[in-house]
2 protein chains.
Amino acid sequence: MATIRDVAKEAGVSVATVSRVINSNGYVNEETKKKVEKAIQLLNYKPNAVARSLFKKQSMTIGLIIPDITNPFFPQLARAVEDVTNEKGYTIILGNSDESSEKEQEYLDIFEQKYVDGIILATNTLTVEQIASLGKPVVAVDRPIDSGVPTVVAEHRRGAQAAVRHLLDTGCQTIAHIRGPEHVVSADERCKGYLDIVKDKPWFSDQLVINGHYAINDAYKAASELIKDRPDVDGIFAGNDLMAIGALKAARELGKKVPEELAIIGFDGIDMCETTFPELSTMVQPIYELGATAANMLIELIENRRVNQQYYEYPVQLKVRNSSRGRPPKDVNHADNI
Amino acid sequence: MATIRDVAKEAGVSVATVSRVINSNGYVNEETKKKVEKAIQLLNYKPNAVARSLFKKQSMTIGLIIPDITNPFFPQLARAVEDVTNEKGYTIILGNSDESSEKEQEYLDIFEQKYVDGIILATNTLTVEQIASLGKPVVAVDRPIDSGVPTVVAEHRRGAQAAVRHLLDTGCQTIAHIRGPEHVVSADERCKGYLDIVKDKPWFSDQLVINGHYAINDAYKAASELIKDRPDVDGIFAGNDLMAIGALKAARELGKKVPEELAIIGFDGIDMCETTFPELSTMVQPIYELGATAANMLIELIENRRVNQQYYEYPVQLKVRNSSRGRPPKDVNHADNI
DNA sequence: ATAATCCATGTAACGGGTTACAAAGTTTTT
DNA sequence: AAAAACTTTGTAACCCGTTACATGGATTAT
């Protein structure tokens with residue numbers, strides 16, 4: 001690997017001059033520039049990013065921590081982040097945290113040691129203190145951490161309300177909620193949205209809220225029991241699509257017809273929704289956009305150290321498919337209390 | 001950020017001594033060690049990974065290039081790579097190449113400049129020369145590049161043969177193949193496997209092989225036309241699960257019953273297969289294992305500079321589900337010619 | 001007792017860039 | 001014509017660890 005000194009020697013100039021031409025700053029005579037460029041070509045010189053980072057205290061890399069790339073919500077998010085940061089010359093380090101705060105802190109330490117320029121967090125076990133102590137730009141996506149941290153999210157609560165309202169509109173009389181993990185903001189918010197709509201209904205009881213940890217299998221089990229224990233439940237709002245798919249599976253196996261006997265709606269809008277049978281209704285989040293906006297904001301923060309808007313909340317959109325469509329809307333009183 | 005010199009001053013020793021204690025090499029008096037550790041604690045010192053990299057010419061990071069993390073095959077692979085490398089203290093840089101050789105070369109250049117210690121490639125637009133010129137350990141996963149490059153793959157061809165044989169066994173009389181993109185090794189191999197079995201059948205013709213680019217929509221379109229144009233086709237072997245799902249959708253929309261009138265089988269074994277209706281038969285690859293083995297091999301290469309086995313070919317497994325099950329096997333002559 | 005080892009620690013060069021500063025030549029201003 | 005400003009280039013310090021080498025004292029071997 002050729003170094004800048006090799007190039008300097010080859011071109012018969014000093015390293016400073018070479019540095020000036022590769023970074024196009026400072027004065028360099030046109031002739032000299034050509035000589036240097038020829039030497040660079042000849043030696044196939046590529047500047048050493050590590051040496052550069054050491055001096056500049058920045059690395060053109062950004063850290064991305066997500067709970068689990070295997071969860072179909074995150075690949076799109078990660079892809080968006082990669083696309084926009086890569087466009088600006090950044091490279092991304094990916095970390096799966098499995099919702100573990102130790103793992104997250106470990107990654108944060110590594111990021112610090114590697115002079116990562118900024119961090120995108122789709123997790124929320126970290127405290128503001130941990131984040132602030134980094135002294136680096138951080139943006140939270142999908143899961144808000146603290147009002148002090150720039151954030152990009154979807155309207156979890158409002159979306160949940162709309163989902164539940166949709167189930168009511170479609171004639172459901174008793175709606176259960178399979179919620180995501182406790183202490184995960186998105187899950188909490190969606191659960192609140194559900195409660196906003198149903199808490200004062202005569203049929204409502206706490207038992208209608210079940211924990212499903214955002215995973216197919218948990219929801220499958222939860223829904224199986226629910227369907228057996230509570231034959232009156234005719235609508236399920238799942239905290240995410242994966243869990244809705246689990247519920248769908250449970251319904252199919254137990255012979256409960258969807259949507260006739262049981263309407264199901266999810267949340268997120270992952271691709272899988274279109275390949276289930278029946279196709280899954282959902283509240284679609286603009287996943288790619290969330291990631292892209294977070295990445296753009298982060299780069300702004302990195303390059304300008306400030307940003308005009310530091311909180312984005314994207315609307316979600318009701319997408320009605322066959323898992324909740326075509327139920328004869330009955331004439332039921334379901335005045336929304338929101 | 002405290003530096004090693006700050007720690008040295010605080011502990012009243014030289015930087016060499018501090019370096020010795022953080023790396024536990026060389027002689028250090030027990031007392032001195034304690035003083036240094038106290039200073040480290042006090043200053044919350046973390047060694048600068050960039051400075052270390054510059055000197056050691058290694059960065060404890062590995063580069064991973066995949067076509068597209070959004071394709072459900074890759075998250076599991078990436079997860080496996082992250083899990084095993086992270087365990088050994090490595091961190092991963094992720095790049096999506098979109099099958100573009102320019103993007104791949106770009107990433108390779110960046111990896112070189114960042115002193116990445118090794119690279120895992122799930123792509124195959126690169127040449128051996130490009131790879132060799134890196135002078136770094138590289139392992140190919142899923143798609144072999146050249147016999148000179150350590151490789152971890154599944155038995156694409158044999159798996160394809162088994163898939164097609166399964167369709168024959170289940171009574172299919174005319175089997176089409178929706179293949180993956182040309183020049184992608186896995187797609188080529190699977191296509192060969194298909195041809196191995198069918199090329200001498202009286203019903204075989206070139207038209208039965210259609211290109212679907214490994215994507216749902218392409219396959220959906222291809223299958224729609226196929227179903228209309230060739231009502232005699234009663235079996236489809238799709239080059240991957242995504243395309244099988246596309247075909248499933250086409251069949252459903254055109255009222256072709258699966259599996260009674262049309263059996264469908266995919267390849268890969270992604271999670272989605274279990275959530276489609278009917279559930280999708282497939283040849284399952286040990287995806288996580290592929291990634292884990294590749295990662296382990298890479299680390300071996302990085303740390304020992306050699307490896308005992310440099311080619312792994314994992315068997316794939318036929319998983320029969322409802323998209324091909326329960327067809328009355330007719331008494332048809334389908335002597336395998338392999 | 002003396003040489004050979006071992007233990008403990010420090011000094012300084014090194015890795016490969018970047019940039020402040022200096023020096024000297026050119027051009028513009030007044 | 002002298003001063004000011006601009007252009008061009010080089011020298012060397014700096015970023016922050018790591019490690020070769022040197023030094024000196026304590027042990028052990030012979």
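Naming: A, B, ... by sequence-line order, numbering from 1 per chain.
Pairs of residues two or more places apart, or lying in two chains, that qualify as salt bridge (charged side-chain N to carboxylate O under 4.0 Å, His left out) and include a residue from residues 72-95 of chain A are A:Arg79-A:Asp83, A:Arg79-B:Asp68, A:Arg79-B:Asp98. Identified under the salt bridge (charged side-chain N to carboxylate O under 4.0 Å, His left out) test for residues 139-154 of chain A, with sequence neighbours left out: A:Glu99-A:Arg143.
Between the C1' atom of D:dT19 and the CD1 atom of B:Ile22 lies a distance of 13 Å, rounded to the nearest Å. Straight-line distance from the CE atom of A:Met1 to the C1' atom of C:dG17: 14 Å, rounded to whole Å. Note: CZ (A:Arg20) to C1' (C:dA20) measures 10 Å, nearest angstrom.
Checking side-chain atoms of B:Gln285 against main-chain N and O of B:Ile287 turns up no donor-acceptor pair under 3.5 Å. Remark: side-chain polar atoms of A:Asp268 are not paired, donor with acceptor, to backbone N or O of A:Ile270 under 3.5 angstrom. No donor-acceptor distance shorter than 3.5 angstrom exists from the side chain of A:Tyr27 to the backbone of A:Arg20, with no hydrogens or angles considered. Using modelled atom types, one side-chain atom of A:Ser133 and one backbone atom of A:Gln130 make a donor-acceptor pair closer than 3.5 Å.
Contact check of residues 26-44 of chain A against DNA chain C (heavy atom, cut-off under 4.0 Å) returns no residues at all. Within residues 4-14 of chain B, the residues approaching DNA chain C are B:Gly12, B:Val13, B:Ser14, by heavy-atom distance under 4.0 Å. The stretch residues 47-63 of chain A touches DNA chain D through A:Leu54, A:Phe55, A:Lys57, each having a heavy atom within less than 4.0 Å of the strand.
With sequence neighbours excluded, no residue satisfies side chain to side chain donor-acceptor pair (under 3.5 Å) with B:Thr61.
Within the nucleic acid shown, A:Thr17 comes within 4.0 Å of sugar-phosphate atoms alone, with no base atom in reach, counting heavy atoms only. Residue contacts shown for A:Ser19 include a base, since a base heavy atom lies under 4.0 Å away.
The closest side-chain donor-acceptor pair between B:Tyr311 and B:Ser147, if any, does not fall under 3.5 angstrom.
Which of C:dT19, C:dG16, C:dT18 sits closest to the side chain of B:Tyr115 comes down to C:dG16.
Closest heavy-atom contact between A:Ala292 and A:Ala80: N-CB, 3.5 Å.
Between B:Phe111 and B:Tyr107, the two ring planes are tilted [angle within 30° to 60°].
Using a cutoff of 4.0 Å between basic side-chain nitrogens and carboxylate oxygens, B:Lys136 and B:Glu112 are not scored as salt-bridged.
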